[in-house]
**Q** 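This structure is in structure tokens; I'll ask about it shortly.
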Amino acid sequence: MNSIVINVGNSNIRFGLFDDDNCDVSWVINTKPYRTADELYVQMLMLYQTYKIEPKEITKVIIGSVVPQLTKVIGSAIKKIHGISPVIVDRSTPSGVQAKSKQMGTDIYANLVAAHTMYPDRKKIIIDFGTALTASCVTETGETLGVIIAPGIVTSLNSLISHTAQLPEIELKKPKSVLGLDTVTCMQSGMVYGFLGMVEGFIDRINEEVNDDCFVIATGGVSHVYKPLTTKIHITDRLHTLKGLYFLGKDL
């Protein structure tokens with residue numbers, strides 16, 4: 001069974017083509033500026049052609065969204081392309097994870113579901129380097145232990161640049177030294193090592209609170225920058241949230 005899974009985030013919309021439980025192809029478009037259903041229809045068809053996807057071969061489309069105003073627009077484009085209504089999943093969709101909160105975002109819930117499904121025999125922490133930086137924790141039995149939400153790294157960097165007169169745009173990567181003597185290195189050190197310290201602090205404090213050594217999964221746009229710099233993150237998976245959405249919607 002071929003499925004398209006769509007994760008609508010505040011910064012990006014990620015698409016994944018699933019062949020049963022395997023995601024073979026994935027691509028990302030910008031969330032903003034918001035598009036009409038017709039614009040998304042054209043853009044999605046062009047990307048389908050790029051990745052040699054035949055719309056008639058898709059049997060299910062699953063959408064998880066934290067941008068309500070885009071959910072209906074994407075749903076309209078999907079109906080126009082595939083002739084089927086998409087399956088919308090959110091925190092109320094049944095799974096082996098107990099969300100516990102009516103305020104939990106669909107992306108955080110999907111992260112917990114993916115972790116619980118793929119790594120069932122231990123407590124897990126999922127660090128999501130998205131528009132917001134989140135850390136969530138789930139037990140072996142699927143109990144949600146809680147979530148941390150902090151400003152996202154790229155969000156913080158863009159705010160820093162836009163509110164200062166002399167700080168330039170920089171590439172987010174490991175700096176050549178911790179202590180910088182040029183503006184770019186100084187900023188890279190602050191963004192990389194500052195947020196790395198925050199993430200490591202989250203992991204240590206969560207482990208202490210739950211009295212365990214949790215398995216740590218990192219996902220989100222810039223997770224690849226931070227994984228090589230710490231032993232506290234055990235694995236990175238850029239498709240982790242998509243997989244959670246797939247697990248939520250595959251039997252609906």
Side-chain angles (χ1 to χ4, degrees), residues 5 7-11 14 21 62 64-67 88-156 194-227 229-252:
V5 181
N7 177 28
V8 185
N10 288 295
S11 298
R14 180 175 285 278
D21 289 357
I62 300 166
S65 174
V66 295
V67 189
I88 310 294
V89 297
D90 57 26
R91 62 180 170 270
S92 64
T93 304
S95 76
V97 171
Q98 299 94 53
K100 281 193 171 181
S101 172
K102 294 180 179 179
Q103 297 178 330
M104 180 176 286
T106 302
D107 51 348
I108 293 174
Y109 182 51
N111 283 339
L112 295 169
V113 169
H116 181 62
T117 303
M118 295 189 291
Y119 313 102
D121 298 325
R122 60 188 101 176
K123 289 187 180 74
K124 285 80 60 176
I125 297 170
I126 307 94
I127 307 290
D128 192 337
F129 293 84
T131 307
L133 173 65
T134 65
S136 48
C137 187
V138 63
T139 69
E140 304 90 329
T141 61
E143 179 187 359
T144 300
L145 295 180
V147 180
I148 299 170
I149 301 177
I153 294 159
V154 174
T155 306
S156 298
F195 276 91
L196 181 65
M198 182 191 293
V199 167
E200 290 180 327
F202 286 166
I203 294 167
D204 287 342
R205 289 176 183 275
I206 292 170
N207 281 335
E208 182 179 355
E209 186 160 290
V210 305
N211 193 30
D212 206 340
D213 186 15
C214 298
F215 184 68
V216 180
I217 307 131
T219 191
V222 295
S223 56
H224 64 282
V225 175
Y226 294 84
K227 170 65 173 73
L229 303 178
T230 180
T231 59
K232 294 183 185 294
I233 295 174
H234 299 116
I235 189 171
T236 55
D237 184 356
R238 66 188 176 89
L239 303 179
H240 185 82
T241 312
L242 270 187
K243 292 173 182 176
L245 296 175
Y246 171 77
F247 293 136
L248 281 169
K250 73 172 186 174
D251 294 325
L252 297 179

**Q** For Ala110 and Leu245, which heavy atoms make the closest approach, and how far apart are they?
**A**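 For Ala110 and Leu245, the tightest heavy-atom pair comes out as CB-CD2, 3.7 Å.
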**Q** Would you call Leu133 and Val199 a side-chain contact if the rule is heavy atoms closer than 4.5 Å?
**A**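 When only atoms from C-beta onward are counted, Val199 and Leu133 do touch, with a gap below 4.5 Å.
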**Q** So Ile125 and Phe202, do their side chains get closer than 4.5 Å, heavy atoms only?
**A**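 Side-chain contact under 4.5 Å: no.
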**Q** What distance do Thr231 atom OG1 and Ile203 atom CD1 have between them, rounded to the nearest 0.5 Å?
**A**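 Reported value, rounded in 0.5 Å steps: 9.0 Å.
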**Q** Considering all heavy atoms of both residues, which atom of Val97 and which atom of Val113 are nearest to each other, and what is their separation?
**A**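 Between these two residues, the closest heavy atoms are CG2-CA, 3.9 Å.
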**Q** Work out which heavy atom in Ile206 is nearest to a heavy atom in Cys137; give both atom names and the distance.
**A**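 The answer is CG2-SG, 4.0 Å.
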**Q** Check whether any side-chain heavy atom of Val8 sits under 4.5 Å from a side-chain heavy atom of Thr106, and report yes or no.
**A**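 No. Closest side-chain heavy atoms not under 4.5 Å.
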**Q** May I have all residue pairs that pass side-chain hydrogen bond (donor to acceptor under 3.5 Å, both in side chains) and include part of residues 119-131, sequence neighbours excluded?
**A**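 Qualifying pairs: Ser11-Thr131, Asn111-Asp128, Lys123-Asp212.
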**Q** Can you tell if the side chain of Lys232 reaches within under 4.5 Å of the side chain of Asp204, non-hydrogen atoms only?
**A**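 In contact.
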**Q** Going by heavy atoms in the side chains, are Gln103 and Arg91 under 4.5 Å from each other?
**A**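 A side-chain contact is absent here, since even the closest heavy-atom pair is not under 4.5 Å.
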**Q** Indicate yes or no: at least one non-hydrogen side-chain atom of Met118 is less than 4.5 angstrom from one of Ile217.
**A**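 Counting from C-beta outward, Met118 and Ile217 never come under 4.5 Å.
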**Q** Assess the residue pair Met104 and Thr144 against the criterion (side-chain contact (heavy atoms from CB on, under 4.5 Å)); give the C-alpha distance rounded to whole Å, side-chain angles, the decisive distance to 0.1 Å, and a yes or no.
**A** CA-CA 11 Å; Met104 180 176 286; Thr144 300; 3.8 Å; yes
**Q** Should Tyr226 and Ile127 count as side-chain neighbours, where that means a heavy-atom distance under 4.5 Å?
**A**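 No - every pair of side-chain heavy atoms lies 4.5 Å or more apart.
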**Q** Considering residues at least two apart in sequence or located in another chain, which fulfil the side chain to side chain donor-acceptor pair (under 3.5 Å) criterion with Ser95?
**A**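 Expected list: Tyr109.
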**Q** At what distance, to the nearest 0.5 angstrom, does CG of Leu145 lie from CD of Gln98?
**A**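 Nearest 0.5 Å value for the CG-CD distance: 10.0 Å.
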**Q** How long is the span from the CD1 atom in Ile126 to the OG1 atom in Thr219, to the nearest 0.5 Å?
**A**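 Rounded to the nearest 0.5 Å, the CD1-OG1 separation comes to 10.0 Å.
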**Q** Using the test ring pair (Phe, Tyr, Trp, His ring centres under 6.0 Å), find all partners of His234 that sit at least two apart in sequence or belong to another chain.
**A**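 His234 satisfies ring pair (Phe, Tyr, Trp, His ring centres under 6.0 Å) with Phe215 once adjacent residues are dropped.
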**Q** Identify the heavy atoms of Ala218 and Phe129 that sit nearest to each other, and give their distance.
**A**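 Scanning both residues, the minimum pair turns out to be CB-CE1, 3.9 Å.
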**Q** Nearest 0.5 Å, what's the NZ-CD1 distance between Lys227 and Ile235?
**A**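 If we round to the nearest 0.5 Å, Lys227:NZ and Ile235:CD1 are 8.5 Å apart.
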**Q** When rounded to the nearest 0.5 angstrom, what distance separates NZ in Lys243 from OG1 in Thr117?
**A**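 Between atom NZ of Lys243 and atom OG1 of Thr117 there are 11.5 Å.
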**Q** Is there side-chain contact between Thr134 and Asp107, with at least one heavy-atom pair below 4.5 Å?
**A**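 No; the side chains remain at least 4.5 Å from each other.
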**Q** Taking all non-hydrogen atoms of both residues, which atom of Phe195 and which atom of Pro151 are closest, and how far apart?
**A**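 Shortest heavy-atom contact: CE2-O, 3.6 Å.
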**Q** Check whether any side-chain N or O of Thr93 sits under 3.5 Å from a backbone N or O of Asp90 as a donor-acceptor pair, and report yes or no.
**A**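 Side chain of Thr93 to backbone of Asp90, a donor-acceptor pair under 3.5 Å: yes, one is there.
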**Q** Just verifying a value: how many Å separate Asn211 CG and Glu209 CD, rounded to the nearest 0.5 Å?
**A**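 Between Asn211 CG and Glu209 CD, I get 11.0 Å after rounding to 0.5 Å.
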**Q** Pick from Thr241, Asn7, Asp21: which one makes a side-chain hydrogen bond (donor to acceptor under 3.5 Å, both in side chains) with Tyr246?
**A**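 Filter result, single survivor: Asp21.
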**Q** For Leu239, is there any backbone N or O sitting under 3.5 Å from a side-chain donor or acceptor partner on Arg14?
**A**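 Not at all, since once roles are kept as given, no pair shorter than 3.5 Å links the two residues.
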**Q** Closest heavy-atom contact between Val138 and Ala115?
**A**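 The pair with the smallest heavy-atom distance is CG1-CB, 4.5 Å.
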